[in-house]
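Step one of this worksheet: look at the structure below.
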There are 2 protein chains.
Amino acid sequence: MTLSEENYLKAIYHLSDTEGKGVSTNKLAEAMETKASSATDMIKKLADKSFVNYKKYQGVKLTKEGRLIAASVVRKHRLWEVFLVEKLNFNWDEVHEVAEQLEHVKSEKLIEELDAYLDFPTVDPHGDPIPDKYGEIQADKKVLLSSLKPGEKGICVGLEDTSKEFLQYLDKIKISLGIELKVLEKEPFDNSVVLQFNDQQLTVSAFTTTNIYVRKS
Amino acid sequence: MTLSEENYLKAIYHLSDTEGKGVSTNKLAEAMETKASSATDMIKKLADKSFVNYKKYQGVKLTKEGRLIAASVVRKHRLWEVFLVEKLNFNWDEVHEVAEQLEHVKSEKLIEELDAYLDFPTVDPHGDPIPDKYGEIQADKKVLLSSLKPGEKGICVGLEDTSKEFLQYLDKIKISLGIELKVLEKEPFDNSVVLQFNDQQLTVSAFTTTNIYVRKS
DNA sequence: ATTTAAATTTAGACAAATCTAAAAATAGTT
DNA sequence: AACTATTTTTAGATTTGTCTAAATTTAAAT
Ligand SMILES: [Mn+2]
Ligand SMILES: [Mn+2]
Ligand SMILES: [Mn+2]
Ligand SMILES: [Mn+2]
């Protein structure tokens with residue numbers, strides 16, 4: 001596995017929705033910040049190695065083998081993110097670039113020992129689940145904050161958008177994983193929401209409520 | 001800096017003796033496990049970027065800038081080796097291959113935080129010094145075990161050969177860094193040496209005594 | 001059912017890092 | 001000093017991953 005192959009498999013993994021449709025060449029190229037022709041080239045190579053199933057013009061789907069490799073890269077990425085935050089004083093908006101590099105280090109022992117050293121975490125610093133060594137993730141019944149009705153409460157357990165900008169915004173308004181959010185009011189006009197948490201009230205935009213996952217409480 | 005450029009600079013760094021002579025193309029190619037023609041190609045590229053001084057047929061020398069980059073890679077390599085041994089239960093003969101990968105991860109914060117997390121170690125698990133962030137290493141007045149005369153004692157502080165085989169041999173005979181070795185006898189015939197340590201006596205070969213560094217005690 | 005637009009693939013080129021084989025330079029030896 | 005052996009460089013080819021531009025296929029719209 002080359003670095004590039006791993007990154008493409010990871011991108012296909014993230015773009016694969018649960019429905020049966022394959023990932024389109026354009027979507028893949030966009031995710032990889034490259035051109036569609038380059039994506040086509042790589043798709044062919046991955047298909048040759050039978051990490052993906054590919055029919056011309058029909059998009060790609062991961063094979064069982066390809067999905068395992070992709071999940072293993074995601075596992076490493078997220079374990080390293082935990083390490084950076086828990087042990088090396090990184091903030092949650094600083095870990096991604098470094099984890100992008102660390103996820104490609106090859107050593108079975110390294111990742112298993114790291115997992116143990118971190119006490120077998122199940123989620124990364126952004127609330128995303130960490131696949132086990134067989135590529136399995138235990139699904140969490142989380143819902144978007146925007147789905148809560150006024151009066152309902154939920155614990156913040158994850159994010160849809162994990163961009164640096166959004167993470168820094170959440171830092172600023174003091175929303176972090178584990179915090180309990182109560183929906184006080186919804187403004188039908190623009191779908192903004194008044195939240196209560198930490199003994200304060202704050203109005204947030206529809207963007208914010210559709211990018212935060214909660215477990216109802 | 002590409003991965004390949006970093007590895008070549010590191011190889012030149014390790015091959016540079018204190019005398020003024022440059023590193024020969026053949027020596028460099030051998031160290032990189034590649035062909036001389038490939039080494040020449042890379043030397044030209046590094047010279048273009050002024051990381052080395054190069055005159056055809058005269059070998060290469062690192063410039064100040066090249067030496068700093070090489071030292072930084074060595075610093076990362078050795079810090080990661082410490083991490084693997086101290087935190088992740090690696091043995092000293094298992095760390096090198098993984099450190100070869102980790103040394104190329106780019107993040108100023110990562111390496112400085114790792115350094116602090118490890119409590120600013122000065123040597124790696126094999127006793128090799130860790131350059132500081134400016135590429136400086138404080139030289140240790142260590143001598144080869146073979147230079148001790150019968151009756152003299154020394155603390156084991158480093159190794160010349162850090163191959164897996166030698167490390168595993170040292171594990172087997174229970175010699176590790178920090179242990180005190182006393183030379184009881186030298187056999188002129190084959191330069192084998194009778195050592196006393198840990199309340200036991202053991203005869204070791206000339207190879208062993210010329211690949212262990214001690215600080216006289 | 002054509003025509004137009006969008007998505008996708010192909011063809012050909014390029015940079016990085018490597019190789020083999022051949023040429024050139026240096027070092028060692030008579 | 002001339003010849004030989006070794007070292008080093010050059011020339012040309014190869015692989016990987018990328019690009020642009022053109023051709024092809026599919027989807028959408030008359
Ligand atoms: Mn990430
Ligand atoms: Mn994450
Ligand atoms: Mn090492
Ligand atoms: Mn070492």
Side-chain angles (χ1 to χ4, degrees), chain A residues 1-13 15-17 19-62 66 69-70 73 100-101 103-106, chain B residues 1-13 15-17 19-62 66 69-70 73 100-101 103-106:
Chain A
M1 296 299 310
T2 70
L3 185 140
S4 207
E5 288 171 346
E6 284 188 351
N7 281 332
Y8 271 94
L9 287 178
K10 182 166 59 111
I12 298 168
Y13 179 88
L15 291 171
S16 295
D17 43 24
E19 314 156 39
K21 309 182 62 178
V23 174
S24 80
T25 303
N26 266 1
K27 285 268 169 55
L28 181 54
E30 186 191 20
M32 292 298 299
E33 299 180 63
T34 185
K35 297 299 160 70
S37 53
S38 303
T40 301
D41 287 343
M42 182 56 83
I43 287 169
K44 285 179 183 168
K45 195 196 309 189
L46 294 174
D48 279 347
K49 299 187 175 185
S50 60
F51 296 140
V52 298
N53 289 125
Y54 172 55
K55 282 203 289 284
K56 275 191 196 181
Y57 298 97
Q58 304 307 127
V60 275
K61 277 185 258 192
L62 290 171
I69 293 171
V73 175
E100 284 290 307
Q101 301 176 64
E103 72 189 5
H104 300 289
V105 174
K106 270 109 184 150
Chain B
M1 293 299 311
T2 70
L3 187 140
S4 207
E5 287 171 346
E6 285 188 350
N7 281 333
Y8 271 94
L9 286 178
K10 183 168 58 111
I12 298 168
Y13 179 88
L15 291 171
S16 296
D17 43 24
E19 313 155 38
K21 308 183 63 178
V23 174
S24 81
T25 304
N26 265 1
K27 284 269 170 54
L28 181 54
E30 186 191 20
M32 293 298 299
E33 298 182 67
T34 184
K35 296 300 161 68
S37 54
S38 303
T40 300
D41 287 344
M42 182 55 83
I43 287 169
K44 284 179 183 169
K45 195 197 307 191
L46 294 174
D48 279 348
K49 300 187 174 184
S50 60
F51 296 141
V52 298
N53 288 125
Y54 171 55
K55 282 204 289 282
K56 274 191 195 178
Y57 297 98
Q58 304 308 127
V60 276
K61 276 184 259 193
L62 291 171
I69 293 170
V73 175
E100 284 290 306
Q101 301 176 64
E103 70 187 6
H104 300 289
V105 174
K106 269 107 183 153

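The basis for the numbers below is simple: all heavy atoms, side chains too, and nothing from hydrogens, waters or symmetry mates. Naming: A, B, ... by sequence-line order, numbering from 1 per chain.
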When you check the phosphate oxygens OP1 and OP2 of [N], does a side-chain N or O of [X] lie under 4.0 Å from one of them?
X	N	answer
A/Thr34	D/dC19	yes
A/Lys44	C/dT10	yes
B/Lys56	D/dT8	no
A/Asn26	C/dA6	no

Could you tell me the separation between the [atom1] atom of [X] and the [atom2] atom of [N], rounded to a whole number of Å?
X	N	atom1	atom2	value
A/Glu30	C/dA7	CD	P	11 Å
A/Ile43	D/dT16	CD1	P	18 Å
A/Met1	D/dT16	CE	C1'	14 Å
B/Asp41	D/dA11	CG	C1'	11 Å
B/Lys21	D/dT7	NZ	C1'	13 Å
B/Tyr57	D/dA5	OH	C1'	15 Å
A/Glu5	D/dT18	CD	P	10 Å
A/Tyr54	D/dT25	OH	P	13 Å

May I ask you to say what [X] touches in the nucleic acid, namely base, sugar-phosphate or nothing, with a heavy-atom cut-off under 4.0 Å?
X	value
A/Thr40	base
B/Lys27	nothing
B/Ser4	sugar-phosphate

Selection from C/dT9, D/dC19, C/dT26 that lies nearest to any side-chain heavy atom of A/Ser38: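 Minimum distance to the A/Ser38 side chain belongs to D/dC19.
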Give the nucleotide from the list D/dT18, C/dT8, D/dT8 with an atom nearest to the side chain of A/Ser24. C/dT8
So do [Y] and [X] actually touch side chain to side chain, heavy atoms under 4.5 Å?
X	Y	value
B/Leu28	B/Ile43	yes
A/Leu9	A/Met1	yes
A/Val23	A/Val52	no
B/Glu30	B/Asn26	no

Identify which one of A/Glu103, A/Glu5, A/His104 satisfies the side chain to side chain donor-acceptor pair (under 3.5 Å) criterion when paired with A/Lys10.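 Of A/Glu103, A/Glu5, A/His104, side chain to side chain donor-acceptor pair (under 3.5 Å) with A/Lys10 is met by A/Glu103 alone.
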Side chain of B/Ser37, base of C/dT20: donor and acceptor closer than 3.5 Å? yes
Along DNA chain D (nearest heavy atom to each residue), the more 5'-positioned of A/Gln58 and B/Thr25: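 Closest to the 5' end, via its nearest nucleotide, is B/Thr25.
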